[in-house]
Amino acid sequence: MSAVIIVLIILVVLVFIALIKTIQVIPQASAAIVERFGRYTRTLNAGLNIVVPFIDSIRNRIDLREQVVPFPPQPVITQDNLVVNIDTVIYYQVTDARAATYEVASYIQAIEQLTVTTLRNIIGGMDLERTLTSREEINAALRGVLDEATGKWGIRVNRVELKAIEPPTSIQDSMEKQMRAERDKRAAILTAEGTRQSAILTAEGEKQSAILRAEGESKAAALRAEGEAQAVRTVFEAIHAGDPDQKLLSYQYLQMLPKIAEGDANKLWIVPSEIGDALKGLSGAFGNKEGSVPGFNTKGSGTERRDEPPVD
């Protein structure tokens with residue numbers, strides 16, 4: 001009985017193992033390569049699949065999602081014989097699991113080496129300046145070559161990106177100095193432009209100020225002249241309205257004489273003959289029959305002032 005139990009247990013274990021080998025569950029976005037006696041039979045897609053146990057075997061499970069592979073920096077020589085290190089990132093996707101398994105031993109290594117050789121061919125035809133400013137052109141050319149070469153491997157290269165382009169240290173120092181000089185040049189130009197603009201605005205302001213000042217002085221002079229003219233007209237109208245006689249006019253003439261004689265340099269001055277007539281009239285009014293006023297000589301064409309001797 002014990003031998004029968006052992007045989008039954010062995011049979012149950014074999015059946016369980018056979019069931020495990022028979023039922024294969026493939027995750028979504030994955031594929032599996034099935035071989036029968038070492039020969040490719042079929043490709044298992046996502047879901048529940050049945051295989052023949054102990055006859056069929058799973059050779060490889062492949063992820064069909066888009067993969068991202070960064071490659072280490074690779075030294076590349078430019079057209080002007082400068083060595084630059086370029087980091088690349090490849091975005092690829094397996095489209096044919098059978099080709100990716102049997103057409104190439106290691107498609108990751110194959111893509112890396114193909115990327116390096118293609119980069120050297122592309123960068124070798126460019127100088128350093130063009131290399132640093134033509135990333136999109138390099139990416140497009142690299143993707144075209146990789147996509148064409150990897151198509152037979154069942155792989156589609158979706159995108160190629162240059163992560164970094166590092167020129168030699170001496171070139172980096174020269175570029176930094178050039179950029180610093182360019183920034184200093186732009187700063188000097190902006191400073192000079194600002195100074196020029198400030199001088200122009202200052203001159204423009206002074207011009208406007210001078211114009212406004214001249215206009216103000218002109219208007220003030222006009223207003224003063226108009227005020228004086230109005231005062232003269234008012235005085236003239238007041239005199240005529242008062243109808244002054246000869247005595248009043250003579251008295252007004254005499255009041256104006258001291259103002260005319262103001263100043264230390266006025267030793268001799270001539271007044272109009274009308275003033276002499278006024279003096280005569282005024283003298284007659286005060287009863288001086290000779291028609292003279294003390295301190296003045298009305299003989300001749302004018303009136304002469306006689307300065308009194310100084311008193312000690």
Side-chain angles (χ1 to χ4, degrees), residues 26-35 40-47 58-176 178-179 182:
I26 307 300
Q28 182 66 33
S30 298
I33 301 300
V34 178
E35 291 181 347
Y40 170 77
T41 303
R42 59 195 175 100
T43 301
L44 301 181
N45 296 320
I58 304 297
R59 165 69 186 273
N60 192 15
R61 295 177 182 267
I62 298 177
D63 194 343
L64 300 179
R65 295 173 296 177
E66 186 175 11
Q67 304 293 321
V68 181
V69 179
F71 295 140
Q74 300 293 330
V76 182
I77 302 176
T78 62
Q79 189 177 16
D80 46 359
N81 297 324
L82 294 174
V83 179
V84 294
N85 293 322
I86 300 180
D87 295 351
T88 55
V89 179
I90 304 297
Y91 296 81
Y92 72 93
Q93 186 175 10
V94 177
T95 58
D96 187 350
R98 178 181 176 279
T101 302
Y102 296 106
E103 296 295 334
V104 61
S106 175
Y107 55 82
I108 297 295
Q109 185 178 2
I111 291 175
E112 180 181 1
Q113 295 302 318
L114 183 60
T115 301
V116 172
T117 55
T118 306
L119 266 178
R120 288 175 179 172
N121 292 334
I122 296 174
I123 302 300
M126 298 181 177
D127 56 10
L128 179 61
E129 184 176 359
R130 185 182 174 188
T131 301
L132 295 175
T133 58
S134 304
R135 290 197 178 195
E136 293 298 330
E137 181 181 352
I138 297 173
N139 292 340
L142 190 59
R143 179 192 171 191
V145 174
L146 289 176
D147 198 19
E148 181 180 358
T150 58
K152 63 180 180 180
W153 299 339
I155 296 173
R156 182 178 68 246
V157 176
N158 297 326
R159 207 167 26 166
V160 180
E161 296 291 341
L162 299 183
K163 188 167 61 174
I165 300 177
E166 298 180 0
T169 305
S170 59
I171 300 299
Q172 292 183 11
D173 295 338
S174 300
M175 292 173 63
E176 289 179 0
Q178 182 179 1
M179 292 175 62
E182 191 68 25

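- In this structure, CD1 on Ile155 lies 10.5 Å from CG on Asp147, to the nearest 0.5 angstrom.
- From Thr131, atom OG1 reaches atom CD1 of Ile86 across 6.5 Å, with rounding to the nearest 0.5 Å.
- A side-chain donor-acceptor contact under 3.5 Å links Thr101 to the backbone of Ala97.
- Atom CG in Asp80 sits 6.0 Å away from atom CG in Leu128 (nearest 0.5 Å).
- Residues Leu44 and Ile58 are in side-chain contact: their nearest non-hydrogen atoms beyond the backbone lie under 4.5 Å apart.
- The shortest distance between side-chain heavy atoms of Thr78 and Asp127 does not fall below 4.5 Å.
- Under the salt bridge (charged side-chain N to carboxylate O under 4.0 Å, His left out) criterion, the residue pairs touching residues 132-141 are Arg130-Glu137, with sequence neighbours excluded.
- Remark: Asn45 pairs with Thr43 by the side chain to side chain contact (heavy atoms under 4.5 Å, CB included) rule, at least two apart or across chains.
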Might you work through the side chain to side chain contact (heavy atoms under 4.5 Å, CB included) test for Ile122 and Val76, ending with a clear yes or no? CA-CA 10 Å; Ile122 296 174; Val76 182; over 6 Å; no

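- The shortest side-chain heavy-atom distance between Trp153 and Val94 does not fall under the 4.5 Å cut-off.
- Annotation: the span from Asn60 atom CG to Glu35 atom CD amounts to 9.0 Å, rounded to 0.5 Å.
- Considering all non-hydrogen atoms of both residues, Pro27 and Ala46 come closest at O-CB, 3.3 Å.
- Taking the salt bridge (charged side-chain N to carboxylate O under 4.0 Å, His left out) definition, one finds that Arg143 meets it with nothing, sequence neighbours left out.
- No side-chain heavy atom of Phe71 sits less than 4.5 Å from a side-chain heavy atom of Val89.
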Is there a side chain to side chain contact (heavy atoms under 4.5 Å, CB included) between Arg156 and Gln93? Walk through the geometry before answering. CA-CA 5 Å; Arg156 182 178 68 246; Gln93 186 175 10; 2.7 Å; yes

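- Between Pro73 and Pro75 the shortest heavy-atom distance is O-CD, 4.1 Å.
- Evaluation of the side chain to side chain contact (heavy atoms under 4.5 Å, CB included) rule for Gln67 yields Asp63, Arg65, Tyr92 as partners, not counting sequence neighbours.
- Not counting sequence neighbours, the partners of Tyr102 by the ring-ring contact (aromatic ring centres under 6.0 Å, His included) test are Tyr40.
- Here CG of Leu132 is found 11.0 Å from CG of Leu162. Values are rounded to the nearest 0.5 Å.
- A side chain to side chain contact (heavy atoms under 4.5 Å, CB included) with Val69 holds for exactly one of Thr115, Ile111, Ile108, Thr88; it is Ile108.
- Two residues are said to be in side-chain contact when any heavy atoms from C-beta on lie closer than 4.5 Å; Gln74 and Glu112 meet this criterion.
- By the 4.5 Å heavy-atom criterion applied to side chains, Leu64 and Thr95 are not counted as neighbours.
- Scanning all heavy atoms of the two residues, the minimum distance from Ala149 to Leu114 falls at CB-CD2, 3.3 Å.
- With sequence neighbours left out, Glu161 forms a salt bridge (charged side-chain N to carboxylate O under 4.0 Å, His left out) with no residue at all.
- Between Ile138 and Ile123, the closest side-chain pair of non-hydrogen atoms falls below 4.5 Å.
- Two residues are said to be in side-chain contact when any heavy atoms from C-beta on lie closer than 4.5 Å; Ile33 and Arg42 fail this criterion.
- A donor-acceptor pair under 3.5 Å is absent between the side-chain atoms of Asn81 and the main chain of Ile77, judged by distance alone.
- A side-chain donor-acceptor contact under 3.5 Å links Glu66 and Asn158.
- For the atom pair CD (Glu148) and OG1 (Thr118), the distance works out to 10.0 Å, reported to the nearest 0.5 Å.
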